[in-house]
J.: 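Below: one structure in structure tokens.
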2 protein chains.
Amino acid sequence: MTTGLRERKKLRTRRALGAAALELAVRHGLAEVTVEQIAEAADVSPRTFFNYFSSKEEAVVAADLERAGEMVDRLATRPADEPVLESVRAVTRAMLGEPGARRKEWVRQVRLVRANPALVPHQLAAYAAIEQRLAAVIAERAGMGADDLYPALTATAVMAATRVATTRWLDSDGRTELADGIDEALDLLTTGLGHPPSRAP
Amino acid sequence: MTTGLRERKKLRTRRALGAAALELAVRHGLAEVTVEQIAEAADVSPRTFFNYFSSKEEAVVAADLERAGEMVDRLATRPADEPVLESVRAVTRAMLGEPGARRKEWVRQVRLVRANPALVPHQLAAYAAIEQRLAAVIAERAGMGADDLYPALTATAVMAATRVATTRWLDSDGRTELADGIDEALDLLTTGLGHPPSRAP
DNA sequence: CCGCAAAAATGCAGACTCTGCAAGTTCGCG
DNA sequence: CGCGAACTTGCAGAGTCTGCATTTTTGCGG
């Protein structure tokens, strides 16, 4: 087992801090929340907070980073001969299907980011970190290096597709299905962006 | 004319601050530079610095934001019946061709970002701002709304392509031509990411 | 040319962020 | 058990960033 009591406790603390940050930010507004409050809510000292995150923004975004990381992990387990974008499709649908309380948490977080432009840079930074890992997975599939153009570009494009679809879904305010939006975006990437899609079917 | 003396002076101050921030960061390392030093170098008070930028990171990245904005402006002047990705190609080549001292400045800046991960979020935030405008231009071309999927996704994808190509170009350390890399990336987007490109020609 | 109202720049106080360092505490391995 | 590594914590200090009141510039109409 890779999980000593030590590691588990650290993870719990980390999550507690992230959750507290999100909770407080949603309730009082990001700007009104101080690191001291977050630390107190998670029952650690302010100094300890900074041992885990370098800012409250990072803490708020941490859960999403973890989530995206899990997505890449799952991607790595898909059959190697499946086209990459198909794998993404499958994993996305799977993750969107399962959710319990985590999904609600995620939606709150995404909404918070929209409401606080100050969070955007941090969210993007988190995604950028994931992109690296995603590129590695794609590269392996394609039998290329992680720094070849195709894997790198595909990784960013996939993240972009997800982001755009998510944004549109939020804007639609429940009138669309997120998984469908992501499918549509992935379709566009698959067939190429050379021309606008012909009129809706 | 839209440019009163007032506006011009403001722009000059803004640029002076950005340039000073970049210069100092390159010379002494980003972490070693304080807002006070930047302000002094630009001959304004520290307080004034914050009237223009909300952090030194933002100041460092400002020039690139301006540059990207110019790119979108030029894009808007291309013939409306030209395929979007072709327009991007043309504008990119044009801007990469012209440069005088500005290009060197840009390269320094991009290198600085690579060396300081702390800048990544800010760089990405700048690009995200541009994406909005880019999406609007693309939407107009395609006769769609700026929040339709195609324009939004294409805009992010184009930015992503540029970013990836730039990164790869930097890594290649002068052994490749940036414009070629961007072309290649745009080709991929045009033909679709469904399959890895067949072996090199 | 003059003087005025708007726009900018500035100084200052104060709250908060974040880091290094030097203790304490806790955990798990032998 | 008992020790060393890993964590947490407190503290001091430099720096960031904001609001507010004040002073300086600038553009304009008379």
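The structure presented is a predicted model; accordingly, all values stated were derived computationally and were not measured. Here is how names work: the chains are called A, B, and so on, in the same order as the sequence lines, proteins then strands, and each is numbered from 1. Computed from heavy atoms alone, side chains included, the values below leave out hydrogens, waters and symmetry copies.
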J.: Report yes or no: does B/T156 contribute a side-chain atom to a donor-acceptor pair with the main-chain N or O of B/A152 at less than 3.5 Å?
T.: yes
J.: Give the rounded distance in Å between these two atoms: CZ of B/R8 and P of C/dA7.
T.: 18 Å
J.: Among A/T166, A/T167, A/D171, which residue satisfies the side-chain hydrogen bond (donor to acceptor under 3.5 Å, both in side chains) criterion with A/R114?
T.: A/D171
J.: Report the residues that fulfil side-chain contact (heavy atoms from CB on, under 4.5 Å) with B/R93, sequence neighbours left out, ordered by chain and then residue number.
T.: B/A179, B/D180, B/D183
J.: In whole angstrom, what separates A/N51's CG from D/dT9's P?
T.: 9 Å
J.: Please report, rounded to the nearest Å, how far the P atom of C/dA8 is from the CG atom of B/L11.
T.: 13 Å
J.: Between A/K56 and B/T48, name the one whose nearest nucleotide on DNA chain C is closer to the 5' end.
T.: B/T48
J.: Whole-Å distance between C/dT10 C1' and B/F50 CZ?
T.: 14 Å
J.: Using 4.0 Å as the upper bound for N to carboxylate O, is an ion pair formed by B/E105 and B/R15?
T.: no
J.: Below 4.0 angstrom, which residues in residues 26-38 of chain A have at least one non-hydrogen atom near DNA chain D?
T.: none
J.: Rounded to the nearest Å, what distance is computed from the CG atom of residue B/L17 to the C1' atom of nucleotide C/dA8?
T.: 13 Å
J.: Pick out the pairs of N or O atoms, protein on one side and nucleotides 10-14 of chain D on the other, that lie under 3.5 Å.
T.:
{"residue": "D/dG10", "atom": "O6", "partner": "A/R47", "partner atom": "NE", "Å": "3.3"}

J.: Run the side-chain contact (heavy atoms from CB on, under 4.5 Å) test against A/R67 and tell me which residues pass, sequence neighbours left out.
T.: A/D64, A/M95, A/R102, A/W106, A/Y127
J.: Write down the distance between CZ (A/R12) and P (D/dT8), rounded to a whole number of angstrom.
T.: 12 Å
J.: Ring pair (Phe, Tyr, Trp, His ring centres under 6.0 Å) with A/Y150: which residues, sequence neighbours excluded?
T.: none
J.: With a 4.0 Å cut-off on N to O distance, would you call A/E23 and A/R108 a salt bridge?
T.: yes
J.: In whole Å, I'd like the distance from the CZ atom of B/F49 to the P atom of C/dT10.
T.: 14 Å
J.: Rounded to the nearest Å, what distance is computed from the CZ atom of residue B/F53 to the P atom of nucleotide D/dC17?
T.: 13 Å
J.: Which one, D/dT8, D/dT26, C/dA9, comes nearest to the side chain of B/T13?
T.: C/dA9
J.: For the side chain of A/Q37 and the backbone of A/T34, is there at least one donor-acceptor N/O pair under 3.5 Å apart?
T.: yes
J.: Among all residues two or more places apart in sequence or in another chain, which pass the side-chain contact (heavy atoms from CB on, under 4.5 Å) test with A/P83?
T.: A/E86
J.: Is the distance from OP1 or OP2 of C/dA9 to the nearest side-chain N or O of B/Y52 less than 4.0 Å?
T.: yes
J.: Is A/K10 close enough to D/dC7 that one of its side-chain N or O atoms is under 4.0 Å from OP1 or OP2 there?
T.: yes
